[in-house]
Amino acid sequence: MEERYDPQKVELKWQRYWAEKNLFKTEADPSKKKFYCLEMFPYPSGKIHMGHVRNYAIGDVIARYKKMRGFNVIHPMGWDAFGMPAENAAIKEGVHPAKWTYENIAYMKTQLNRMGLSYDWEREVTTCSPEYYKWNQWFFLKMYEKGLAYRKSSFVNWCPSCTTVLANEQVIDDRCWRCDTLVVQKELEQWFLKITHYAEDLLRACDELKGWPEKVVLMQKNWIGKSEGLEADFRIDGTDESIRIFTTRADTLFGATFVCLAPTHTLSEKLVADKEALKKIKEQYGKEDEKIGLFTGHYAVNPVNDEKIPIYVANFVLMEYGTGAIMSVPAHDQRDFEFAKKYNLQIKVVITPEQQTNPPLPPFAKGGRGGITNSEIEAAFEDDGILIDSSSFSRLRSDVARIEIAKFLEKKRLGKRVINYKLRDWGISRQRYWGTPIPIIYCDRCGVVPVPGNDLPVILPEDVKFTGTGGSPLLESEKFLNVSCPKCKGKARRETDTMDTFVDSSWYFIAYCFGKGKINFKSEIRNPKSEIGYWMPVDQYIGGVEHAVLHLLYSRFFTKVIKDLGIMDFNEPFINLLTQGMVCKETLKCPEHGWLFPEDVKDDKCIKCGQIVERGRTEKMSKSKKNVIDPDHLINKYGSDTSRLFSLFAAPPERDLEWSDQGVDGAYRFLNRIWGIVFKFRNSEFRIRNIETENTIPQSALRNPLLRKTHQTIKRVTNDIEREYHFNTAIAALMELVNEISSFEPKTDDDWKTFRYSIEILLLLLSPFSPHIAEELWEAIGNKSSVSEQRWPVWDEKIAKEEEIELVVQVNGKVRSKLMIPATLSDDEVKQKALGEPKIKEIIGDKAIKKVFVVKGKLVNIVIGD
RNA sequence: GCCGGAGUGGCGGAAUUGGUAGACGCAAGGGACUUAAAAUCCCUCGUCCCCAAAGGGCGUGCCGGUUCGAGUCCGGCCUCCGGCACCA
């Protein structure tokens with residue numbers, strides 16, 4: 001053994017050893033209890049970043065720990081390999097997306113291996129390979145058969161820069177989530193997956209997600225956005241037609257003073273004569289900055305009171321939600337209020353706050369009831385209250401009135417109670433090349449024809465041109481485009497759109513269950529020996545919170561579809577979810593040169609201009625803010641054991657982690673100290689006398705403080721890992737043990753045995769966090785087999801227990817004294833000890849003792865009078 | 001605006017059920033070793049009063065409450081961070 005710790009040498013050695021022994025290969029074994037540990041697979045962008053390091057370090061600790069606890073652990077990794085950056089690289093640099101992607105994968109795989117992660121690489125999946133995406137197409141066809149995949153024309157978010165459609169959730173503040181370009185609306189024929197079919201299931205099952213962070217469950221619930229309301233028919237005056245509206249506020253129906261249609265509503269086209277004006281509204285559709293409307297020239301009849309109210313087309317009414325038409329109640333809805341003000345429409349108050357019914361009705365109705373003019377109201381009153389001016393429903397409370405008015409309209413057959421969801425069907429069409437081809441053929445004679453199952457996969461052709469202008473390169477590929485119709489054998493064309501990459505990641509965790517990446521879902525339908533049945537669901541999923549809605553919701557949706565196909569029999573894919581925090585670092589900003597790298601700053605000054613540099617707040621690592629740490633550099637300098645250890649020690653996993661270069665030094669020092677301890681042991685006389693491992697603790701050493709500390713540490717580390725993976729405190733406990741071992745001077749053979757034993761335990765406990773050094777030192781103290789094949793140690797409560805405790809004595813809640821007492825004393829004895837303490841006697845003096853509280857093993861509080 | 005979460009030393013963070021606030025680490029200061037430096041080891045380290053010690057006061061964003069006892073529970077506020085946001 002060398003005196004100096006050389007992480008590069010040690011890590012390479014053990015990475016080779018693990019690979020040669022194929023130590024992390026797993027096979028289904030129904031006799032063993034399984035544990036599925038999964039980290040979100042990366043997009044192969046070129047290099048891993050610190051977010052990955054953290055994510056995968058967390059997952060690896062869990063996988064290694066569970067393995068030592070005796071579970072049959074499946075811990076796979078793969079590549080989310082379709083996506084736009086590959087195509088952008090093709091356009092910019094002329095590299096084919098496939099080449100670019102596979103080269104990135106190769107490099108990133110070496111990076112992951114350098115981290116010492118315990119993956120079973122035989123299960124690796126790559127979503128851009130035909131063997132993988134074939135099943136995207138297969139699922140699509142299955143959904144098509146069941147009516148869960150359909151095509152419709154709709155307005156979509158269009159990013160002019162990426163020349164593609166974006167999902168609603170890919171639009172952030174009206175801008176493209178990738179390139180920040182302002183998104184415009186464009187009408188296209190799109191393929192949709194009917195996730196709304198499962199809206200209620202997905203919502204209800206949220207309550208089963210006990211192992212998920214509450215906030216993520218809440219975000220899912222909000223996204224699904226269930227609301228109960230009423231659909232009501234407003235007849236168009238002078239015609240037989242009517243407008244169906246949706247409202248959650250049936251109690252305000254008497255306050256409706258106009259009706260608004262979405263610009264794309266079929267009736268808008270019918271009712272508006274001025275097509276130019278309508279077109280303008282359409283262009284402004286969904287724009288949040290301004291509400292604009294257009295009077296149709298027609299009137300609607302309010303079904304509750306037969307009042308005639310004007311019909312408008314308004315840009316703020318969404319076609320996608322409810323019925324695409326609303327009744328407007330400006331007195332009780334802020335949006336309607338703003339619209340009414342702008343177009344000078346009537347505002348009628350019908351709800352009044354509960355406490356203020358009598359006598360005045362401010363601030364809404366200064367002039368009493370009726371005849372209220374626009375100028376008298378400053379804002380809509382949106383809360384529930386008591387109904388007024390609502391015929392026989394007046395004086396009812398809002399919650400009651402909603403039901404009563406709904407019943408009334410149902411009886412008249414002019415309305416019905418309905419449930420609405422914010423959740424929309426999932427538009428999966430992308431006008432992009434680097435994705436899964438949608439397996440559909442368009443025939444002039446037969447129309448839309450699905451590709452027959454036996455013809456899968458529809459291969460993405462490689463010989464296409466990337467111009468960067470216009471639409472998808474597939475449009476130019478005659479070979480791909482022209483096909484004979486599967487039904488009539490006539491001339492037909494292929495669909496050229498590809499699928500949203502969220503489809504790929506919606507089932508990859510199931511794909512890992514197939515050994516050696518041989519995915520075959522067909523053989524899994526109603527298969528009692530299914531490997532999916534053994535491995536799924538995922539016991540622990542770990543990833544960034546940025547996927548709290550999209551990826552997780554889509555995966556839940558796919559799980560339900562796959563269950564309905566008879567492939568699996570559980571509802572939810574991920575039992576436990578851990579959303580790790582971001583990796584952040586201090587930022588540096590020069591007033592002239594903007595963000596600076598740390599090496600551009602000397603003595604708090606910018607090396608370019610000499611101006612004082614502002615130390616900005618710590619923010620998520622990003623290239624643009626120049627506060628990133630490159631994992632390659634880090635591992636070259638300190639090794640992966642140190643990198644992993646620090647990222648686990650600096651903060652609990654779910655919280656943001658602030659990167660600190662000195663903190664990394666500290667972690668490195670800690671590993672060096674352990675190295676030093678083992679080196680000391682190796683060179684000890686005891687070791688030389690006992691070449692064969694001596695590993696029994698003699699009876700006479702059972703009360704050794706180091707042995708006690710060792711058992712206390714097993715307990716603490718185990719509990720900290722079990723208690724929501726609090727690795728930071730687990731590592732702190734290991735540091736305490738190392739401090740204790742360092743200061744321990746073995747003299748007798750018993751001492752040496754205890755010394756060796758505590759080192760052995762230390763290495764076992766350390767191994768999930770920093771596995772390479774643990775292996776190396778495990779070997780150095782004389783063990784033959786790999787540390788990762790050992791069982792997790794168990795503590796003995798009797799040994800861990802302290803013989804003496806420090807008793808805190810309080811008087812009136814203030815700490816006045818501390819004394820050591822035997823741990824075995826009864827409450828009464830403890831009380832007497834406390835009262836007998838000279839200092840306490842002095843404080844009490846002749847004051848009356850009112851009460852004495854004894855907290856077992858901890859403290860005594862004596863309450864005295866003045 | 002709505003819905004969440006969080007505020008603890010110079011810093012990252014501990015405190016598991018209401019029971020010693022500040023574990024562990026970082027930084028800082030002092031010392032040992034060394035020709036010197038690095039590395040390593042030892043000591044100090046919330047704050048105020050006191051020459052110092054002993055001792056004591058204050059202290060977990062702010063104000064109040066419950067309790068023998070509150071970082072932890074309750075009520076009200078402030079600040080910061082996330083998510084959602086014309087969803088009728």
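Proteins get letters first, then strands, A, B, ... in listed order; numbering begins at 1 in each. Only this structure's heavy atoms are used, side chains among them; waters, hydrogens and symmetry mates stay out.
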**Report entry** Under 3.5 Å donor-acceptor, A:Gln220 side chain and A:Ala548 backbone
**Finding:** yes
**Report entry** OP1 or OP2 of B:A27 under 4.0 Å from side-chain N/O of A:Ser660
**Finding:** no
Report summary line: Taking pairs as Watson-Crick (N1-N3 plus N6-O4 or O6-N4) or G-U wobble (N1-O2 and O6-N3), each distance under 3.5 Å, the stems of three or more consecutive pairs with RNA chain B are B:1-7 with B:78-84, B:10-12 with B:24-26, B:28-32 with B:40-44, B:46-49 with B:55-58, B:61-65 with B:73-77
Query raised in the report: Can the ring centroids of A:Phe258 and A:Tyr343 be said to lie less than 6.0 angstrom from one another?
Result: no
Requested in this report: Verify the contact: side-chain N or O of A:Arg816 to OP1 or OP2 of B:G55, cut-off strictly under 4.0 Å; return yes or no.
Outcome: no
**Report entry** Whole-Å gap separating P (B:G82) and CD (A:Gln580)
**Finding:** 17 Å
Solution key, residues 659-672 of chain A side-chain donor-acceptor pairs under 3.5 Å, sequence neighbours excluded:
| residue | atom | partner | partner atom | Å |
| --- | --- | --- | --- | --- |
| A:Ser660 | OG | A:Gly663 | N | 2.8 |
| A:Asp665 | OD1 | A:Tyr638 | OH | 2.6 |
| A:Asn672 | ND2 | A:Tyr668 | O | 3.0 |

**Report entry** Separation of atom CZ in A:Phe727 from atom C1' in B:A23, rounded to whole Å
**Finding:** 19 Å
Query - Closest nucleotide among B:C26, B:G57, B:A88 to the A:Gln662 side chain - result: B:C26
Report task. Kindly point out which of B:C24, B:A88, B:C41 is positioned nearest to the side chain of A:Arg673? Result -> B:C41
Report task. Look at all strands and tell whether A:Val317 reaches a base, only sugar-phosphate, or nothing, counting heavy atoms closer than 4.0 Å. Result -> base
Query - Nucleotide B:C3, atom C1' - distance to CG of A:Asn222 in whole Å - result: 6 Å
Query - P atoms of B:U34 and B:G29, separation to the nearest Å - result: 23 Å
Query raised in the report: Say you draw a straight line from CG of A:Asp333 to CE of A:Met327; how long is it, rounded to the nearest 0.5 Å?
Result: 9.0 Å
Report task. May I ask you to say what A:Ser328 touches in the nucleic acid, namely base, sugar-phosphate or nothing, with a heavy-atom cut-off under 4.0 Å? Result -> nothing
Query raised in the report: Does any N or O in the side chain of A:His332 come within less than 3.5 Å of the main-chain N or O of A:Ile351, such that one atom is a donor and the other an acceptor?
Result: yes
Query raised in the report: Between A:Trp675 (CH2) and B:U40 (P), how many Å, whole number?
Result: 16 Å
Query - Presence of salt bridge, A:Glu290 and A:Lys342, under 4.0 angstrom - result: yes
Query raised in the report: Roughly how far apart, to the nearest Å, are B:U8 and B:G13 at atom C1'?
Result: 9 Å
Query raised in the report: Taking for each residue the nucleotide of RNA chain B bearing the nearest heavy atom, is the 5' side occupied by A:Leu423 or by A:Leu218?
Result: A:Leu218
Requested in this report: Encode nucleotides 13-21 of chain B as B, S and - characters from 5' to 3', where the letter depends on protein heavy atoms closer than 4.0 Å: B to the base, S only to sugar-phosphate, - to neither.
Outcome: SSSS--BB-
Query raised in the report: Mind checking the C1' distance from B:C42 to B:U47? Whole angstroms is fine.
Result: 26 Å
Requested in this report: Verify the contact: side-chain N or O of A:Arg669 to OP1 or OP2 of B:C41, cut-off strictly under 4.0 Å; return yes or no.
Outcome: no
Report task. Can you tell me, in whole Å, how much space there is between the C1' of B:G69 and that of B:U17? Result -> 15 Å
Query - Between B:G7 and B:A15 - P atom distance, rounded Å - result: 12 Å
Query raised in the report: Looking at A:Asn739, does any N or O in its side chain come under 4.0 Å of the phosphate oxygens OP1/OP2 on B:A23?
Result: no
**Report entry** Position toward the 5' end of RNA chain B (nearest nucleotide), A:Lys291 or A:Ser743
**Finding:** A:Ser743
Report task. Using distance alone, with no hydrogens and no angle criterion, decide if A:Thr196 and A:Asp425 have a side-chain donor and acceptor under 3.5 Å apart. Result -> yes
**Report entry** Sidechain N-carboxylate O distance under 4.0 Å for A:Arg708, A:Glu802
**Finding:** yes
Report task. Please state the C1' separation for the pair B:G75 and B:A85 - nearest whole angstrom. Result -> 30 Å
Query raised in the report: Does a salt bridge link A:Glu837 with A:Arg816, judged by any charged N lying under 4.0 Å from a carboxylate O?
Result: no
Requested in this report: For the side chain of A:Glu736, starting at C-beta, report the closest nucleotide among B:C24, B:A88, B:C58.
Outcome: B:C24
Query raised in the report: What is the distance, rounded to the nearest whole Å, between atom CG of A:Asn672 and atom P of B:A39?
Result: 12 Å
Report task. Answer yes or no: is there a side-chain heavy-atom contact under 4.5 Å between A:Tyr5 and A:Asp641? Result -> yes
Report task. Determine the contact category for A:Lys715: base if any of its heavy atoms lies under 4.0 Å from a base atom, sugar-phosphate if only primed atoms, P, OP1 or OP2 are that close, otherwise nothing. Result -> nothing
Query - Between B:G71 and B:G22 - C1' atom distance, rounded Å - result: 11 Å
Query - Distance, rounded to the nearest Å, where A:Met582 contributes CE and B:C81 contributes P - result: 11 Å
Query raised in the report: Across the strands shown, which category fits A:Gly322 at heavy-atom distances under 4.0 angstrom: base, sugar-phosphate, nothing?
Result: nothing
Requested in this report: For A:Trp223 and B:C3, give me the distance from atom CH2 to atom P, rounded to whole Å.
Outcome: 19 Å
Requested in this report: Determine if the base of B:G9 is syn or anti; take syn to mean the glycosidic torsion is within 90° of 0.
Outcome: syn
Query - Under 3.5 Å donor-acceptor, A:Thr257 side chain and A:Gln346 backbone - result: yes
Query - Nearest-angstrom distance from the residue atom CD of A:Glu214 to C1' of B:G82 - result: 16 Å
Requested in this report: Could you tell me whether the phosphate oxygens of B:C2, OP1 or OP2, come under 4.0 Å of any side-chain nitrogen or oxygen in A:Lys422?
Outcome: no
Query raised in the report: Once you round to the nearest 0.5 Å, how far does NZ of A:Lys831 lie from CZ of A:Phe853?
Result: 11.0 Å
Query raised in the report: Does the side chain of A:Lys221 get closer than 4.0 angstrom to OP1 or OP2 of B:G83 through an N or O atom?
Result: no
**Report entry** Rounded C1' spacing from B:G57 to B:C50 in Å
**Finding:** 12 Å
